[in-house]
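Report on the following structure.
Excluded from the calculations below are hydrogen atoms, water molecules and symmetry mates; all remaining heavy atoms, backbone and side chain alike, are included.
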Amino acid sequence: MERLVVVSEYELQRSSMVKILKKSFYNRDTALVAQELLGKIIVRIIDQDTPLKGRIVETEAYIGSWDKACHAHKGKRVANAPLFGPVGHAYVYFIYGMYYCLNFVSRTTQEPSGGVLIRAMEPIDGLEYMQHKRHTTKLHNLTSGPGKLTKALSITTVQNGVNLMQQGELYVLDAPKIDPKNIVVTTRVGISKAADEKLRFYIKDNPFVSKK
DNA sequence: CACCCGATTATCT
DNA sequence: GATAATCGGGTGT
């Protein structure tokens, strides 16, 4: 069978009626970006024929200079360098000796660093792959936590620094904005410093959120 | 170089 | 509700 028409990646993107989030989205206040990432679509390409997709339902903002819970708080290191790098790129770190956490670098030009932790997503495509990786078939437990989500999507430090704004192994699609009335704003999970800051955001009543 | 502990989760009791 | 699993970076000797 002969392929008669070559469609550019740009056309493919337009024809599917979705846009990849670009720099202007990420280059804003980290807390606002965390809130507006709710509902957006993460695309993870491992096998071109079966893209993995999920809808973000829970995030947390970590804002470099003043936020004592942020990995970048004490300054730039090799390990946290992506937080100081260009927005719209991934920051992936290894935690507790066995899990990976996925962040999207985001900040205003006034801040030296910042990122949004992706805490949970609603699985959309590639469920079979995710279920295999997670050793469970229960959808509500597949990607309802930062460590679960990276496991389901096979995201490790290999993806650290990946550009999320171009079609590749990991990128993010735009989607309708969630009504702020349906967003819960509360304190972040699992931290001891700056524990009172309300920088956690999740979609109200969504069963794929990590906790209630 | 020893020690501590963390943006977690699965698996107990 | 409590805890084990497991390890790299940060801190201090």
Side-chain angles (χ1 to χ4, degrees), chain A residues 26 29-38 40 42 54 56-85 87 89-107 111-123 130-162 164 170 172 183-203 207-212:
Chain A
Y26 296 101
D29 176 69
T30 313
L32 176 64
V33 173
Q35 183 160 336
E36 296 203 357
L37 274 170
L38 295 177
K40 306 301 189 239
I42 297 177
I56 299 171
V57 299
E58 180 183 357
T59 61
E60 283 178 359
Y62 288 86
I63 309 170
S65 61
W66 53 268
D67 179 6
K68 291 183 178 174
C70 183
H71 287 176
H73 172 244
K74 292 184 178 178
K76 189 174 179 179
R77 306 269 191 284
V78 172
N80 64 18
L83 285 173
F84 294 81
V87 300
H89 288 235
Y91 165 53
V92 183
Y93 64 87
F94 185 55
I95 189 71
Y96 294 117
M98 59 190 96
Y99 301 109
Y100 296 92
C101 287
L102 171 66
N103 297 250
F104 297 164
V105 178
S106 154
R107 74 183 101 87
E111 289 289 345
S113 60
V116 176
L117 170 68
I118 309 303
R119 283 197 59 88
M121 71 178 201
E122 176 179 341
M130 298 187 210
Q131 288 166 329
H132 174 69
K133 294 292 292 187
R134 288 274 300 121
H135 305 292
T136 179
T137 57
K138 296 177 182 175
L139 297 186
H140 70 268
N141 190 36
L142 260 195
T143 52
S144 55
K148 298 178 188 179
L149 172 158
T150 52
K151 185 74 177 177
L153 298 178
S154 285
I155 289 172
T156 69
T157 46
V158 170
Q159 280 71 46
N160 195 24
V162 160
L164 303 164
L170 182 64
V172 189
I183 296 177
V184 178
V185 182
T186 184
T187 53
R188 295 171 292 185
V189 176
I191 56 170
S192 54
K193 303 167 205 161
D196 293 337
E197 297 287 347
K198 292 183 175 165
L199 292 172
R200 177 178 176 227
F201 308 89
Y202 63 88
I203 299 178
F208 302 98
V209 166
S210 68
K211 299 177 183 178
K212 288 187 178 179

Side chain of [X] (C-beta onward), nearest among [options]:
| X | options | answer |
| --- | --- | --- |
| A/Tyr91 | B/dT9, C/dT6, B/dA7 | B/dA7 |
| A/Met98 | C/dC7, B/dA7, C/dT6 | C/dT6 |
| A/Ser192 | B/dT9, B/dG6, C/dC7 | B/dG6 |
| A/Val189 | B/dA10, B/dT8, C/dC7 | B/dT8 |

Between A/Arg134 and A/Lys193, name the one whose nearest nucleotide on DNA chain B is closer to the 5' end.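 On the 5' side of the pair lies A/Lys193.
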
Quick one: on DNA chain B, does A/Asn103 or A/Asn141 contact a more 5' nucleotide (nearest heavy atom)?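 So the residue in question is A/Asn103.
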
Contact under 4.0 Å: [X] side-chain N or O vs [N] OP1/OP2:
| X | N | value |
| --- | --- | --- |
| A/Arg77 | C/dG10 | yes |
| A/Arg119 | B/dT8 | yes |
| A/Lys74 | C/dT11 | yes |
| A/Arg200 | B/dA7 | no |

Rounded to whole Å, please give me the gap between [atom1] in [X] and [atom2] in [N].
| X | N | atom1 | atom2 | result |
| --- | --- | --- | --- | --- |
| A/Lys148 | B/dA7 | NZ | C1' | 15 Å |
| A/Lys151 | C/dA5 | NZ | C1' | 13 Å |
| A/Tyr100 | B/dT9 | OH | P | 15 Å |
| A/Tyr99 | B/dT11 | OH | P | 9 Å |
| A/Lys211 | B/dT8 | NZ | P | 7 Å |
| A/Ile95 | B/dC4 | CD1 | C1' | 13 Å |
| A/Leu142 | B/dT8 | CG | C1' | 17 Å |
| A/Arg188 | B/dT8 | CZ | P | 11 Å |

Salt-bridge criterion met for A/Arg200 and A/Glu58 (N-O under 4.0 Å):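 A/Glu58 and A/Arg200: salt-bridged.
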
Is there a side-chain contact between [X] and [Y], using heavy atoms and a 4.5 Å cut-off?
| X | Y | answer |
| --- | --- | --- |
| A/Phe208 | A/Pro123 | yes |
| A/Tyr100 | A/Gln159 | no |
| A/Val189 | A/Lys211 | yes |
| A/Phe94 | A/Thr156 | no |
| A/His73 | A/Tyr62 | no |

If we count only N and O atoms by modelled type, under 3.5 Å, do the side chains of A/Ser154 and A/Lys133 hold a donor and an acceptor together?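 There is such a pair between these side chains.
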
Testing the 3.5 Å rule here: is there a donor-acceptor pair between the side chains of A/Thr137 and A/Gln131?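 There is no such pair (donor and acceptor under 3.5 Å, judged by atom type) between the side chains of A/Thr137 and A/Gln131.
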
A/Gly97 near the nucleic acid: base, sugar-phosphate alone, or nothing, with a heavy-atom cut-off under 4.0 Å?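 Since a base atom lies under 4.0 Å of A/Gly97, the category is base.
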
What stems involve DNA chain B, if each pair must be Watson-Crick or G-U and both of its distances must be under 3.5 Å, with 3 or more such pairs in a row?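 In DNA chain B, stems of three or more pairs: B:1-6 with C:7-12, B:8-12 with C:1-5.
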
Using the P atom as the point on both nucleotides, what is the distance between B/dC4 and C/dA4, in whole Å?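 Here C/dA4 and B/dC4 have their P atoms 16 Å from each other.
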
Under 5.5 Å and under 30°: A/Tyr62 stacked on B/dA7: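 Per 5.5 Å and 30° rule: yes, stacked.
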
Checking only heavy atoms, does the side chain of A/Tyr96 share a donor-acceptor pair with the base of C/dA5 at less than 3.5 Å?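 Result: no qualifying N/O pair found.
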
